[in-house]
Amino acid sequence: IELSDDSGLDFGQIAAGESSVSQSYTVSGTDLEGNISVSVSAPFELSLDNSSWSQSLTISQATAESGGQIVYVRFSPTVVNGQVFNQSVTHSSSNASDVTLMASGEETTPDAPEITISKSGIDFGEVAFGELADDSYTLSALNLVDNLSITPPEEVVISLSSDFGR
């Protein structure tokens, strides 16, 4: 079993709940007696297509012996505790010595959500029954982990456009 780069994979600092940009290397082999199994422990993940991720995958003997297979690795920490991870990506095959590649990364606290509103309040004054009054404000947000919901009082209608259905 041979790796195109055995110097290790350093993913640096990644916020919990995020995934790093993947890094890749090629796995090949000669005189193999079976497929190559590749495995790693969480919070690292493996992929053959840089799209579907898991902690283990298999490279066929034929693929390994005919030029090899690109393996993608990413770091996807889930818990905020500032832990540094150093894990071995293990490559094994029947009657072949295991080959390991070190992967490292540090999970960090994600940036706190920030919501900014352009005014501190809206005052419609006195509005006669059946009449409309409007006002506007700008809302922006950073570092959200879900959609932002705005729920107005029952008598108020919110619109993303300025015509309010008129």
Side-chain angles (χ1 to χ4, degrees), residues 1-120 137-152 158-161:
I1 302 172
E2 299 166 0
L3 308 181
S4 62
D5 183 359
D6 60 3
S7 62
L9 306 170
D10 184 359
F11 292 94
Q13 296 183 331
I14 302 296
E18 300 291 326
S19 292
S20 69
V21 172
S22 64
Q23 296 183 36
S24 64
Y25 60 96
T26 301
V27 178
S28 59
T30 54
D31 301 322
L32 296 173
E33 294 183 13
N35 296 334
I36 297 175
S37 297
V38 185
S39 61
V40 70
S41 296
F44 295 94
E45 298 176 307
L46 306 168
S47 177
L48 295 177
D49 60 9
N50 207 21
S51 177
S52 300
W53 298 93
S54 66
Q55 261 70 56
S56 63
L57 51 84
T58 301
I59 300 169
S60 72
Q61 177 182 352
T63 299
E65 291 182 337
S66 64
Q69 171 70 55
I70 295 173
V71 173
Y72 300 91
V73 183
R74 73 179 182 182
F75 179 49
S76 299
T78 58
V79 178
V80 179
N81 63 10
Q83 187 172 349
V84 174
F85 290 89
N86 292 297
Q87 305 276 358
S88 294
V89 181
T90 304
H91 308 76
S92 58
S93 184
S94 300
N95 295 321
S97 297
D98 287 358
V99 175
T100 58
L101 176 66
M102 291 305 298
S104 63
E106 179 181 358
E107 69 184 346
T108 61
T109 304
D111 292 334
E114 296 178 33
I115 300 172
T116 305
I117 301 174
S118 63
K119 1 174 123 171
S120 62
Y137 62 92
T138 302
L139 180 129
S140 60
L142 297 171
N143 307 317
L144 297 179
V145 295
D146 205 347
N147 293 330
L148 181 65
S149 295
I150 302 170
T151 306
I158 293 180
S159 175
L160 295 176
S161 67

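All residue numbers in this chain count up from 1 along the given sequence.
Side chain of Glu33 to main chain of Ser93: no donor-acceptor pair is present (N/O by atom type, distance under 3.5 Å, no hydrogens or angles). For Gln23 (side chain) and Asp10 (main-chain N/O), a donor-acceptor pair under 3.5 Å exists by modelled atom type. For the pair Thr90 (side chain) and Thr100 (backbone), a donor-acceptor distance under 3.5 Å is absent.
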Stepwise side-chain contact (heavy atoms from CB on, under 4.5 Å) test for Thr116 and Thr138: CA-CA 8 Å; Thr116 305; Thr138 302; over 6 Å; no
After noting the C-alpha distance and the side-chain angles of Val89 and Val71, does the key distance pass the side-chain contact (heavy atoms from CB on, under 4.5 Å) rule? CA-CA 11 Å; Val89 181; Val71 173; 5.8 Å; no
Show your reasoning for whether side-chain contact (heavy atoms from CB on, under 4.5 Å) applies to Trp53 and Ser22. CA-CA 11 Å; Trp53 298 93; Ser22 64; 3.8 Å; yes
Chi angles and distances behind the side-chain contact (heavy atoms from CB on, under 4.5 Å) call for Leu139, Leu148: CA-CA 10 Å; Leu139 180 129; Leu148 181 65; 3.2 Å; yes
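Side chains of Ser56 and Ser39: no donor on one and acceptor on the other come within 3.5 Å. Asp5 and Ser7 share a donor-acceptor pair across their side chains, judged by distance under 3.5 Å alone.
The shortest distance between side-chain heavy atoms of Met102 and Asn86 falls below 4.5 Å. Counting heavy atoms from C-beta on, the side chains of Val99 and Asp6 never come closer than 4.5 Å. The shortest side-chain heavy-atom distance between Ile1 and Leu32 falls under the 4.5 Å cut-off. Side-chain contact between Ile14 and Thr108: absent, with no pair of heavy atoms (C-beta onward) separated by less than 4.5 Å.
Taking both residues in full, the closest heavy atoms of Pro77 and Pro43 are given as CA-CB, 3.7 Å, listed atom of the first, atom of the second, then distance. When every heavy atom of Val40 is checked against every heavy atom of Gln87, the shortest pair comes out as CG2-CB, 4.2 Å.
The salt bridge (charged side-chain N to carboxylate O under 4.0 Å, His left out) analysis of residues 69-83, with sequence neighbours excluded, yields the pairs Glu45-Arg74. Residue pairs meeting the side chain to side chain donor-acceptor pair (under 3.5 Å) criterion with at least one partner in residues 58-73, sequence neighbours excluded, are Ser60-Thr63.
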Please set out all donor-acceptor pairs under 3.5 angstrom arising from side-chain atoms of residues 24-31, sequence neighbours excluded.
from, atom 1, to, atom 2, distance (Å)
Tyr25, OH, His91, NE2, 2.7

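To the nearest 0.5 Å, atom CG of residue Leu46 and atom OG of residue Ser52 are 12.5 Å apart.
Using a 30° and 60° split on the angle between ring planes, Phe44 and Phe11 fall in the tilted class, from 30° to 60°.
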